[in-house]
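Accompanying notes for the structure given below.
Here the structure is a predicted model, which is why all the values come from computation and not from measurement.
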Amino acid sequence: MTQRGLQASRSAAVVTIALASLVAGLPTATAADSAVAWHACPAYSDEVLEARGLTGQQMSRFRALMKRAECGTAKVPLDYRQPNGRQITVALLRLKAVDRARRLGSIFLNPGGPGVSGYLMPLDLILRGEQGRRLNDRYDLIGFDPRGVGYSTKVSCPAPGQQKPTGAEGKATTRDPGGEKAGPLTREAAKRMYDGEVAANIACGRSDRDFLGRLTTANVARDVDRVRIGLGERTLNFIGVSWGTRLGVVYRSLFPGNVGRMFLDSVMGPRYRQDEYTVASAAAAERNFSRMAAWLAERHDTYGFGSTQKQVRAAILALLRAYDAEPKTFTDLPMPIDGGVVSMLASQNSPDWGRAGKALAQLRDVTGTTAPPAIKEIFNNTGTRMPPGAPEIQNTTMRQGVACNEDPSRLGFSAAWAAYQRNLEEHPVTGRGARFSVQCAGWPLPVQETPLRRTGGSLVLVGHRHEVITPYEWTKQMRTAVGGTLFTVDDDLHGSVTKVPQSDCTAELLRYFTTGRIGRGCDGVPVAS
């Protein structure tokens, strides 16, 4: 190459880098800017590991993996428009590839949220089954806490009272914890709940505007790219679940030249609007109940709700209305049982249809003052309180900040109440289980939307055909918006590809990250027998 040609090539490279930085909305970061400060990994007691659901043998494996792990933090700007201003830290954990000679790169992992910790996700993935171990053979696995979560820099809003965020990870409880009466929600009670949410959101949003206003998916994506640079990785390989799918497509939109292989499971829709999500999820829940009704009809001798789908539907709806008309108080439960509980049981995923059917049948037949065994088991299984020293599982302030900074659907009460009534009318069985909530009503910070771009590079979008939390149609909508390969899982479980120890889906995931190729779908988790 001539000297002039060499200079032209260098100039073109500089222009390319500069344009990429403009697209990403931040100055170009260097390896020095993004260096990871490594330190000793945290130690966890047996009590903490038990609370995370690990058995004795799993504890031994966990501790062996932690001996291999490397833990660190990366400094990133709080505000990327002021890269030399206030700095915060992002915490990460790395499990290096076992087969260093055949290493293929790093895979960054995000389990969803927003607000869920991914710090220990590499270990969780390996402990869950074969897929994690085999991925770690040739890939470094990178877990991280997004800004606002866990070991990363975070803040806490004032106690939110009755307010309880909902979002991509699922529904809140069927009844407000502040003591609203059992039975159908009244307009007056809904207004009190709405006013409580508004007050909590105003107090939260004003508590630390500088930090809360920088909680966005785009800024998390920028943080991830800083970590990528700090680890010396040329490209980013990524597995994201639920909100992690949004993080993935936003990253691709901001850094299109930095993407390697990306696998997004249970894909969110391309528009971040809570009102639209609520409508789509409610419709998916009612559709999935039709599958459950057909399943119960095939087992009429066991559950007794009818031998046809239509008969089962009518019987469950009658049970729901009966419990709403006369909620029942049992001496061994802390709350009455009303139609919302019946609706919740009718909204279960297919592996739980047997347990839900048993509980519904017991509610139909109960005559005493104590709760039926299946109901008592469900209500007593409320999770384990994490002991001191446990890593944070979810940060509700970060969840609220990201959701509300990006959601333009901040409905007034009249519009929210009308939408709630439509949901009950259009989805009579499952709609009753949805809590009335306008997640971002009154949020005092401006909406920040990130346009999604259709870019090149490898992308797999995984949709679950019967799923409720992120309905299947969202995957198709996202593919239209950003491109990629559609991969269909024929089940109703949220993010099951990375959560099930071994299946035909597992094989496809491994094949993709080994070869870059993948099929059109897999069977997923089977329906209850």
Side-chain angles (χ1 to χ4, degrees), residues 9-10 12-36 72-77 80-81 83 90 92 94 96-97 103-110 118 121-122 135 138-147 152 216-241 243-265 267 270 450-461 478-479 481-485 512-516 518:
S9 177
R10 287 173 175 167
V14 170
V15 170
T16 300
I17 293 171
L19 288 174
S21 298
L22 288 172
V23 169
L26 70 154
T28 304
T30 67
D33 295 329
S34 311
V36 174
T73 57
K75 285 188 177 181
V76 299
Y80 278 89
R81 296 169 301 181
V90 173
L92 66 141
R94 176 171 67 182
K96 285 187 174 180
R103 180 181 178 275
L104 294 173
S106 291
I107 300 177
F108 286 68
L109 307 170
N110 182 270
M121 191 173 173
L135 283 173
R138 301 185 66 185
Y139 282 97
D140 296 356
L141 299 183
I142 311 297
F144 65 97
D145 281 339
R147 58 170 60 197
S152 297
T216 65
T217 307
N219 279 335
V220 174
R222 293 176 179 122
D223 295 345
V224 169
D225 200 61
R226 285 290 185 103
V227 174
R228 174 194 66 80
I229 295 169
L231 294 177
E233 298 291 351
R234 185 179 62 84
T235 58
L236 179 99
N237 302 296
F238 185 79
I239 295 175
V241 182
W243 175 78
T245 69
R246 178 166 176 79
L247 176 58
V249 296
V250 167
Y251 183 91
R252 287 171 59 87
S253 297
L254 296 178
F255 304 99
N258 297 348
V259 180
R261 293 168 185 166
M262 185 171 283
F263 186 94
L264 306 180
D265 189 9
V267 177
T450 301
L452 300 182
R453 294 180 171 86
R454 193 180 183 92
T455 64
S458 182
L459 173 65
V460 175
L461 299 172
M478 186 63 84
R479 184 171 181 267
V482 303
T485 298
Y512 172 65
F513 278 101
T514 303
T515 68
I518 196 166

- Query: Are Val76 and Arg222 close enough that some pair of their side-chain heavy atoms sits under 4.5 Å apart?
  - Reply: no
- Item | Side chains of Phe108 and Leu231 in contact at under 4.5 Å (non-hydrogen atoms) | yes
- Just jot down the side chain to side chain donor-acceptor pair (under 3.5 Å) partners of Ser458, sequence neighbours excluded, or say none. Tyr512
- Task: Only counting residues at least two apart or in another chain, list the ones meeting ring-ring contact (aromatic ring centres under 6.0 Å, His included) with Phe513.
- Result: Tyr139
- Counterpart residues, side chain to side chain donor-acceptor pair (under 3.5 Å), relative to Thr450 (two or more places apart): none
- Task: Applying side-chain contact (heavy atoms from CB on, under 4.5 Å), name anything that partners Met478, two or more places apart in sequence or on another chain.
- Result: Val249, Val267, Pro270, Leu452, Leu461, Val482
- Task: Not counting sequence neighbours, which residues clear side chain to side chain donor-acceptor pair (under 3.5 Å) with Asp265? List them please.
- Result: His464
- Please name the pair of heavy atoms, one in Ser152 and one in Val90, separated by the smallest distance, quoted to 0.1 Å. OG-CA, 3.3 Å
- For Arg147, all residues meeting salt bridge (charged side-chain N to carboxylate O under 4.0 Å, His left out), sequence neighbours excluded: Asp223
- List for me each residue that meets salt bridge (charged side-chain N to carboxylate O under 4.0 Å, His left out) alongside Arg94, sequence neighbours excluded, and say none if there are none. Glu70
- Just by modelled atom types, is the Leu264 backbone N or O under 3.5 Å from a matching donor or acceptor in the Thr245 side chain? no
- Task: Go through the structure and list residues passing ring-ring contact (aromatic ring centres under 6.0 Å, His included) with Tyr251, not counting sequence neighbours.
- Result: Phe255
- Tell me, please, which residues at least two apart from Arg103 pass side-chain contact (heavy atoms from CB on, under 4.5 Å). Ala97, Arg100, Ser106, Asp140, Glu233
- Query: Would you call Leu104 and Asn237 a side-chain contact if the rule is heavy atoms closer than 4.5 Å?
  - Reply: no
- Task: Any salt bridge (Lys or Arg N to Asp or Glu O under 4.0 Å) involving residues 244-255? Give me the pairs, sequence neighbours left out, ordered by first then second residue.
- Result: Arg246-Glu406
